[in-house]
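Scroll down for the structure; my scribbles are underneath it.
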There are 2 protein chains.
Amino acid sequence: MKCKVSENPSIKEAYRLIEDGIRKRALVVILACCSASYEGRARSRLDAGERLIVIKPDGTFMVHQDRKVDPVNWQPPKSRSRAYIKRGSLYLESIRRDPEERLEVEIHEAHLVSYYLARDVHDLMVAGHENDMGDMIIMHPHLIEKGFRPVAREYAVTSGFIDILGKDENGSLMIIELKSRKAGVSAVKQLKRYVDEFREDRVGVRGVLVAPSITHDAMEMLEEEGLEFREIEPPRELRSNRGVTLDNFL
Amino acid sequence: MKCKVSENPSIKEAYRLIEDGIRKRALVVILACCSASYEGRARSRLDAGERLIVIKPDGTFMVHQDRKVDPVNWQPPKSRSRAYIKRGSLYLESIRRDPEERLEVEIHEAHLVSYYLARDVHDLMVAGHENDMGDMIIMHPHLIEKGFRPVAREYAVTSGFIDILGKDENGSLMIIELKSRKAGVSAVKQLKRYVDEFREDRVGVRGVLVAPSITHDAMEMLEEEGLEFREIEPPRELRSNRGVTLDNFL
DNA sequence: GAGTCTATCTCGGAA
DNA sequence: TTCCGAGGTAGACTC
């Protein structure tokens with residue numbers, strides 16, 4: 001029996017089922033009219049409304065309203081949850097240590113209480129990240145331009161890390177800034193800071209912003225600063241080679 | 001009847017209940033063994049596992065694993081969801097326009113399908129935001145130091161917005177950077193950029209980072225740059241006056 | 001609609 | 001453990 005369900009349970013029934021589910025490290029799902037108070041990194045109060053409450057086996061606790069992707073109140077994995085009855089009312093409590101945080105939910109009326117002994121071994125396979133773009137460019141440097149040779153990756157400078165450092169066919173230094181989404185002015189500013197740092201030493205340093213697209217304002221600033229743009233889509237293969245390094249090509 | 005529930009439904013029963021719930025703009029909650037494919041801003045694939053699926057009245061769609069606060073796959077509010085049966089299997093689909101994104105979930109086995117006609121009019125009341133800190137400092141400038149006078153808020157400069165601009169008792173310009181959480185090196189860099197911009201014009205500009213705490217590295221950088229730190233906790237009152245402006249004090 | 005910024009951001013990786 | 005940066009960030013707000 002993977003699933004246990006109770007419709008419109010009494011307070012005691014709800015209490016027992018929830019405690020049972022937590023103890024068995026099940027996925028506990030509750031539909032209820034509730035209110036919530038949180039105190040920790042911030043402080044919040046949520047008045048009564050009908051919501052979805054979820055307690056996960058890893059200690060995650062969430063209160064979801066009828067809108068938005070984000071929970072309205074929550075606690076992260078490893079929080080300790082329990083149910084208790086006080087003055088005839090059912091409460092849920094989730095406590096986190098370091099930082100000390102406490103979320104208390106008062107259940108005014110439970111419509112559905114259930115738990116689910118979920119088994120889930122798989123992780124998400126995802127493609128289209130900045131890291132994948134870097135891998136792709138290291139493996140296919142001509143995507144930047146003919147004759148481009150990468151020299152270093154995540155190269156540390158005062159103002160941060162240069163995504164890819166390389167040289168063009170004339171031996172001029174090239175600073176590559178990667179963005180996996182549309183690039184804004186902040187990306188241009190970041191690239192400019194890197195280039196300025198190098199230009200102090202020597203001239204002829206090229207700065208290239210690589211992204212699938214760019215905002216209008218960012219393109220204007222880029223041109224003003226004498227920087228370049230390469231339109232490149234992040235790769236879409238789900239099983240990209242992890243751990244591609246420059247060693248393979250130098 | 002606020003709640004409708006079916007345990008271990010057949011494919012057709014599950015299909016009908018889910019479509020019914022979506023049409024009635026209910027909160028649809030499903031416990032099922034499923035796999036998922038996403039294509040849009042990125043691309044992802046999730047192999048079979050036992051999960052919680054939620055469809056909200058506002059169009060939000062979520063697939064939750066047995067761990068983590070964030071859903072493993074999701075679509076934002078205003079997405080269009082539907083269920084359908086293809087080659088004897090039950091599928092859920094959620095589509096978003098602009099950007100074009102599609103999430104498809106195949107239900108291999110539904111353990112629990114339910115929907116809940118939730119009513120929830122209340123919004124979260126929360127305290128402890130950066131904005132509240134700004135309000136507090138505008139109302140009590142001496143928290144920065146004796147004689148401090150705020151002059152402008154969200155003051156636009158080339159590299160962004162200065163949280164609070166003011167003058168000390170000697171008439172020297174002060175640039176205040178607020179953080180509601182522990183400040184890191186990025187906050188110091190940000191403050192430094194603002195101060196540098198002003199120092200081009202005139203010397204004697206003071207930069208002050210205001211936060212409840214600061215990382216070790218950030219404090220070192222702050223001292224190197226001749227900037228200052230004020231340890232201030234964000235306010236905890238839940239009903240802070242919204243819309244406090246400088247007009248009330250100048 | 002596009003751009004910018006905060007967040008109880010969350011989450012993963014590195015020092 | 002602490003810290004830093006990426007994210008399909010989400011969500012709020014301004015222009």
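Below, chains carry the letters A, B, ... as their sequence lines are ordered, and counting in each starts from 1. In what follows, every heavy atom counts, from backbone to side chain, and hydrogens, waters and symmetry copies are set aside.
Residues A:Lys179 and A:Asp163 are not paired through a salt bridge, judged by the lack of any N-O separation under 4.0 Å between the basic side chain and the carboxylate. Using a 4.0 Å cut-off between charged side-chain N and carboxylate O, A:Glu104 and A:Arg102 make a salt bridge. Using a 4.0 Å cut-off between a side-chain N of Lys or Arg and a carboxylate O of Asp or Glu, B:Arg236 and A:Glu39 qualify as a salt bridge. Here A:Arg51 pairs with B:Asp120 in a salt bridge; the nearest charged N to carboxylate O distance falls below 4.0 Å. Comment: A:Glu93 does not engage A:Arg80 in a salt bridge, judged by the lack of any side-chain N to carboxylate O separation of less than 4.0 angstrom. Salt bridge annotation for A:Lys78-A:Asp98: absent, with no cationic side-chain nitrogen under 4.0 angstrom from a carboxylate oxygen. Salt-bridge check for A:Lys192 with A:Glu225: passed, with a basic side-chain N closer than 4.0 Å to an acidic carboxylate O.
For A:Val69, whose side chain is taken as the heavy atoms from C-beta onward, the closest listed nucleotide among D:dA6, D:dG11, D:dG8 is D:dG11.
For B:Lys189 and D:dC3, the NZ to P distance is 15 Å, given to the nearest whole Å. D:dG8 atom P lies 14 Å from atom CE of A:Met133, rounded to whole Å. Here the P atom of nucleotide D:dG8 and the CZ atom of B:Arg45 are 18 Å apart, to the nearest Å. Look at NZ on B:Lys78: it is 11 Å from P on D:dG11, rounded to the nearest Å. What separates CG of B:Asp70 from P of D:dG8 is a distance of 9 Å, to the nearest Å. If you take CZ of A:Phe161 and P of D:dA6, they are 10 Å apart, rounded to a whole angstrom. Following rounding to the nearest Å, B:Lys179 (NZ) and D:dC4 (P) show an atom-to-atom distance of 13 Å. The CZ-P distance, from B:Phe61 to D:dA10, rounds to 16 Å in whole Å.
Listed by residue number, the members of residues 209-222 of chain B with any heavy atom below 4.0 angstrom from DNA chain D are B:Thr215, B:His216, B:Asp217. Near-neighbour residues of DNA chain C inside residues 92-102 of chain A, defined by a heavy atom below 4.0 Å, number-ordered: A:Glu101. Of the residues in residues 223-236 of chain B, not one places a heavy atom less than 4.0 Å from an atom of DNA chain D.
When all heavy atoms of A:Lys68 and B:Pro77 are compared, the closest pair comes out as CA-CG, 4.1 Å. Between B:Arg181 and A:Ala42, the shortest heavy-atom distance links the atoms NH2-CB, 4.0 Å. The two residues A:Val28 and A:Ile22 have their closest heavy-atom pair at CG2-N, 3.9 Å.
Phosphate proximity of D:dT9 to B:Trp74: absent, as no side-chain N or O sits under 4.0 Å from OP1 or OP2.
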TODO: Please step through salt bridge (charged side-chain N to carboxylate O under 4.0 Å, His left out) for the pair A:Asp196 and A:Lys189, ending with a clear verdict.
DONE: CA-CA 10 Å; A:Asp196 286 349; A:Lys189 284 176 187 166; over 6 Å; no

- [ ] For A:Cys33 and A:Glu50, run side chain to side chain contact (heavy atoms under 4.5 Å, CB included): C-alpha distance rounded to whole Å, both residues' side-chain angles, the deciding distance at 0.1 Å, then the answer.
- [x] CA-CA 4 Å; A:Cys33 178; A:Glu50 299 182 310; 4.1 Å; yes

TODO: Would you please test B:Val29 and A:Leu31 for side chain to side chain contact (heavy atoms under 4.5 Å, CB included) and show each step?
DONE: CA-CA 9 Å; B:Val29 175; A:Leu31 299 175; 4.0 Å; yes

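For A:Val185 and B:Arg181, each mapped to the nucleotide of DNA chain C holding its nearest heavy atom, the one lying further toward the 5' end belongs to A:Val185. A residue-by-residue look at A:Pro76 and B:Gln190 shows that B:Gln190 has its nearest nucleotide of DNA chain C further toward the 5' end. Each of B:Asn73 and A:Gly160 lies near DNA chain D, and the nucleotide nearest A:Gly160 is the one positioned closer to the 5' end.
The same atom, C1', is picked in C:dT6 and in C:dT10; the two are 14 Å apart, to the nearest Å. Spacing between C:dC11 and D:dG11 at atom P, rounded to whole Å, works out to 15 Å.
No contact: A:Pro71 has no heavy atom under 4.0 Å from any strand. B:Gly184 comes within 4.0 angstrom of sugar-phosphate atoms only, judged by non-hydrogen atoms across all strands, and of no base. At a threshold of 4.0 angstrom between heavy atoms, the contacts of B:Ser44 with the nucleic acid are absent. No engagement by A:Ser186 is indicated, since no non-hydrogen atom pair under 4.0 Å with the nucleic acid exists.
Here the range on DNA chain C touched by chain A, meaning any atom under 4.0 Å from one of its heavy atoms, is C:dG3 to C:dC11.
With no hydrogens or angles considered, no side-chain donor-acceptor pair links A:Glu177 and A:Tyr194 at under 3.5 Å.
Among pairs with a residue in residues 50-78 of chain A, those fulfilling ring pair (Phe, Tyr, Trp, His ring centres under 6.0 Å) read A:His64-B:His64, at least two apart in sequence or across chains.
A side-chain contact (heavy atoms from CB on, under 4.5 Å) with A:Cys34 holds for exactly one of A:Ile53, A:Asp47, A:Asn73, A:Leu52; it is A:Ile53.
In this structure, CD in A:Glu220 is found 10.5 Å from CD1 in A:Ile214, a value given to the nearest 0.5 Å. A distance of 12.0 Å separates CG of B:Leu191 from CZ of B:Arg206, quoted to the nearest 0.5 Å.
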Atom pairs, N/O to N/O, protein against nucleotides 12-15 of chain D, distance under 3.5 Å?
none

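Taking 3.5 Å as the limit, the base of D:dG8 and the side chain of B:Gln75 contain a donor-acceptor pair of atoms between them.
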